[in-house]
Peer 1: 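The structure follows.
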Amino acid sequence: MAAADFRDRLLECLGGDWPVPGPLNVRITKVTPADGYEIRTLSYDAEPGDRIPALLLVPNGVTASNP
């Protein structure tokens with residue numbers, strides 16, 4: 001089976017094409033310092049009306065210019 005055929009069959013089984021991504025609307029609700037990093041408690045929109053909770057661990061010293 002060619003990769004394109006597999007993709008088409010997979011999408012058909014999943015109910016159609018992938019939805020168009022929308023804005024994530026990230027909300028950080030808590031930042032907890034830890035030893036060498038911080039824990040950011042946040043949530044984001046998977047799709048409108050479907051918020052996903054998450055934890056993001058960020059090492060100390062990380063910035064936009066020093067990823």
Side-chain angles (χ1 to χ4, degrees):
M1 176 183 293
D5 293 335
F6 175 78
R7 180 185 180 280
D8 291 342
R9 293 203 53 207
L10 175 62
L11 287 175
E12 181 182 332
C13 290
L14 293 173
D17 288 331
W18 297 110
V20 176
L24 293 176
N25 298 319
V26 175
R27 293 184 198 146
I28 298 174
T29 56
K30 184 177 176 185
V31 177
T32 306
D35 188 21
Y37 63 98
E38 66 183 22
I39 303 167
R40 297 180 188 176
T41 303
L42 57 94
S43 64
Y44 63 92
D45 286 340
E47 54 186 48
D50 186 14
R51 294 211 56 87
I52 306 294
L55 296 175
L56 177 63
L57 282 63
V58 180
N60 290 345
V62 170
T63 64
S65 61
N66 183 35

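Please read these numbers as outputs of a predicted model, since none were measured by experiment.
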Peer 1: Tell me whether Val26 shares a hydrophobic cluster with Leu55, the cluster being built from Ile, Leu, Val, Met, Phe, Trp, Tyr side chains joined at under 4.5 Å.
Peer 2: no
Peer 1: Please report the closest heavy-atom contact between Ala46 and Ile52, naming both atoms and the distance.
Peer 2: CB-CG1, 3.7 Å
Peer 1: Going by heavy atoms in the side chains, are Arg7 and Leu11 under 4.5 Å from each other?
Peer 2: yes
Peer 1: Kindly give the heavy-atom pair with the smallest separation between Asn25 and Arg51, and that separation in Å.
Peer 2: O-NH2, 3.0 Å
Peer 1: Indicate, with yes or no, if Tyr44 and Ile39 share a hydrophobic cluster defined by side-chain heavy-atom contacts under 4.5 Å among Ile, Leu, Val, Met, Phe, Trp and Tyr.
Peer 2: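 In one cluster with Ile39: Tyr44, no.
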Peer 1: Using every non-hydrogen atom in the two residues, find where Asn66 and Gly61 come nearest and quote the distance to one decimal.
Peer 2: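 In terms of heavy atoms, the two residues are closest at ND2-O, 3.0 Å.
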Peer 1: Would you say that more than 12 heavy atoms from the other residues, nucleotides or ligands in this model lie under 6.0 Å from the CG of Asp35, or not?
Peer 2: no
Peer 1: On a heavy-atom basis, which atom in Leu57 and which in Tyr37 lie closest, and how many Å separate them?
Peer 2: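 The answer is CD2-CE1, 3.9 Å.
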Peer 1: Between OG of Ser43 and CG of Leu24, what distance do you get to the nearest 0.5 Å?
Peer 2: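 Reported value, rounded in 0.5 Å steps: 11.0 Å.
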Peer 1: Can any side-chain N or O of Thr41 pair as donor or acceptor with the backbone N or O of Thr29 at less than 3.5 Å?
Peer 2: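 Not confirmed, Thr41 side chain does not pair with Thr29 backbone.
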Peer 1: What distance do Asp5 atom CG and Leu10 atom CG have between them, rounded to the nearest 0.5 Å?
Peer 2: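 Between atom CG of Asp5 and atom CG of Leu10 there are 12.5 Å.
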